[in-house]
Trainee: 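Quick one: the structure is below, questions incoming.
Values below: all heavy atoms of this structure, side chains included; hydrogens, waters and symmetry mates excluded.
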Amino acid sequence: MVADGPPLRTPPAILFYDGTCGLCDRTVAWLLRRDRRAALRFAPLDGATAAQARARVARWPVGVDSVVLVEDDGTAARATWRTAAVAGALARLPSPWPWAAWALRVVPHPIADAGYDLVARLRRRLAPPPAACARLPEALRDRILP
């Protein structure tokens with residue numbers, strides 16, 4: 001794995017996503033290509049890793065089908081979802097993506113989440129379902145959790 005910038009001070013976060021959504025699948029691939037410090041791991045919302053996270057996170061969103069970012073420092077796990085999760089993931093990437101995260105956080109949550117919800121409603125039309133066997137480079141496969 002190629003390092004980019006100083007080592008992380010926090011453990012990797014897990015971004016949970018809809019594993020049957022083509023747009024979500026493409027977004028995960030996009031994040032993997034840019035996350036050279038391995039700051040993020042990824043897992044489907046309906047997988048075993050998500051079930052474990054639900055038990056550990058105090059405030060897991062009920063009935064959510066959007067992205068959920070879980071940050072766990074070993075003593076407490078915290079979840080954010082929708083636009084806040086996207087901003088949290090972007091903030092962990094190398095420059096210039098933390099600036100995009102900052103921009104998302106400046107927009108009032110109701111407005112940002114309304115935009116997120118619009119894309120979420122259209123996501124199945126925007127991209128076909130992911131291929132059954134995604135072809136990730138060997139070095140990145142360990143970052144996709146069950």
Side-chain angles (χ1 to χ4, degrees), residues 1 4 7-94 97-146:
M1 194 67 55
D4 182 56
L8 287 175
R9 293 188 180 125
T10 58
I14 302 175
L15 186 71
F16 295 95
Y17 64 98
D18 181 350
T20 63
C21 166
L23 182 61
C24 302
D25 189 63
R26 288 180 182 183
T27 301
V28 167
W30 185 90
L31 288 165
L32 276 166
R33 287 192 305 273
R34 284 153 183 82
D35 183 16
R36 294 182 294 264
R37 292 184 292 169
L40 295 166
R41 302 287 186 270
F42 304 89
L45 280 165
D46 61 352
T49 304
Q52 292 170 353
R54 277 187 203 95
R56 183 143 169 73
V57 172
R59 199 174 136 227
W60 185 275
V62 177
V64 72
D65 67 346
S66 70
V67 295
V68 177
L69 181 71
V70 173
E71 298 170 279
D72 191 341
D73 65 6
T75 58
R78 186 177 74 104
T80 55
W81 49 94
R82 296 163 69 193
T83 308
V86 172
L90 290 172
R92 290 175 164 265
L93 298 179
W97 301 110
W99 289 101
W102 176 83
L104 278 175
R105 289 178 174 141
V106 169
V107 176
H109 282 301
I111 295 169
D113 283 344
Y116 180 95
D117 291 342
L118 175 64
V119 172
R121 276 194 304 275
L122 299 173
R123 70 181 191 242
R124 304 235 186 253
R125 292 183 219 161
L126 295 172
C133 294
R135 292 195 176 110
L136 286 174
E138 188 72 35
L140 299 177
R141 288 185 192 154
D142 65 332
R143 304 215 2 240
I144 305 293
L145 306 171

Trainee: Within this structure, what is the CZ-CD distance for the pair Arg92 and Glu71, rounded to the nearest 0.5 Å?
Mentor: 5.0 Å
Trainee: For the residue pair Thr83 and Ala112, what are the closest heavy atoms and their distance?
Mentor: OG1-O, 3.2 Å
Trainee: Determine yes or no for a side-chain-to-main-chain donor-acceptor pair under 3.5 angstrom, with Thr49 supplying the side chain and Pro146 the backbone.
Mentor: yes
Trainee: Taking the side chain as C-beta and beyond, is there a heavy-atom pair between Leu15 and Arg41 under 4.5 Å?
Mentor: no
Trainee: Do Leu32 and Phe42 come within less than 4.5 Å of each other through their side chains, counting heavy atoms only?
Mentor: yes
Trainee: Please determine if Asp18 and Arg124 form a salt bridge, counting it only when a charged side-chain N lies under 4.0 Å from a carboxylate O.
Mentor: yes
Trainee: Side chains of Leu90 and Trp99: does their closest heavy-atom pair fall under 4.5 Å?
Mentor: no
Trainee: Given the rule in the side chain to side chain contact (heavy atoms under 4.5 Å, CB included) test, do Trp81 and Arg59 qualify, once you have shown the distances and angles that lead to the verdict?
Mentor: CA-CA 11 Å; Trp81 49 94; Arg59 199 174 136 227; 3.6 Å; yes
Trainee: Could you check whether any side-chain heavy atom of Leu40 comes within less than 4.5 Å of a side-chain heavy atom of Pro12, counting everything from C-beta outward?
Mentor: no
Trainee: Work out which heavy atom in Tyr116 is nearest to a heavy atom in Val67; give both atom names and the distance.
Mentor: OH-N, 3.0 Å
Trainee: Say whether, by atom type as modelled, one donor and one acceptor occur between the side chain of Arg34 and the main chain of Trp30 under 3.5 angstrom.
Mentor: yes
Trainee: Would you say Phe16 and Leu69 make side-chain contact, with heavy atoms under 4.5 Å?
Mentor: no
Trainee: Looking at every heavy atom in both Ser66 and Arg82, which two are closest together, and how far apart are they?
Mentor: OG-CG, 3.4 Å
Trainee: Would you say the side chain of Val57 lies within less than 4.5 Å of the side chain of Asp72, judging by non-hydrogen atoms?
Mentor: no
Trainee: If you measure from CG on Leu104 to CH2 on Trp102, what distance do you get to the nearest 0.5 Å?
Mentor: 11.0 Å
Trainee: Any chance you could measure Asp113, atom CG, to Asp117, atom CG, to the nearest 0.5 Å?
Mentor: 6.0 Å
Trainee: Using a strict 4.0 Å threshold on nitrogen-to-oxygen distance, state whether Arg143 and Asp35 make a salt bridge.
Mentor: yes
Trainee: Where is the tightest heavy-atom contact between Ala87 and Ala101, given as atom of each residue plus distance?
Mentor: O-CB, 3.2 Å
Trainee: Is the shortest side-chain heavy-atom distance between Arg26 and Arg123 below 4.5 Å?
Mentor: no
Trainee: Between Tyr17 and Leu45, is there a side-chain heavy-atom distance shorter than 4.5 Å?
Mentor: no
Trainee: List the atom of Pro98, the atom of Ala91, and the distance in Å for their closest heavy-atom pair.
Mentor: CG-O, 3.8 Å
Trainee: Looking only at heavy atoms, what is the nearest atom pair of Pro94 and Arg37, with distance?
Mentor: N-NH2, 4.3 Å
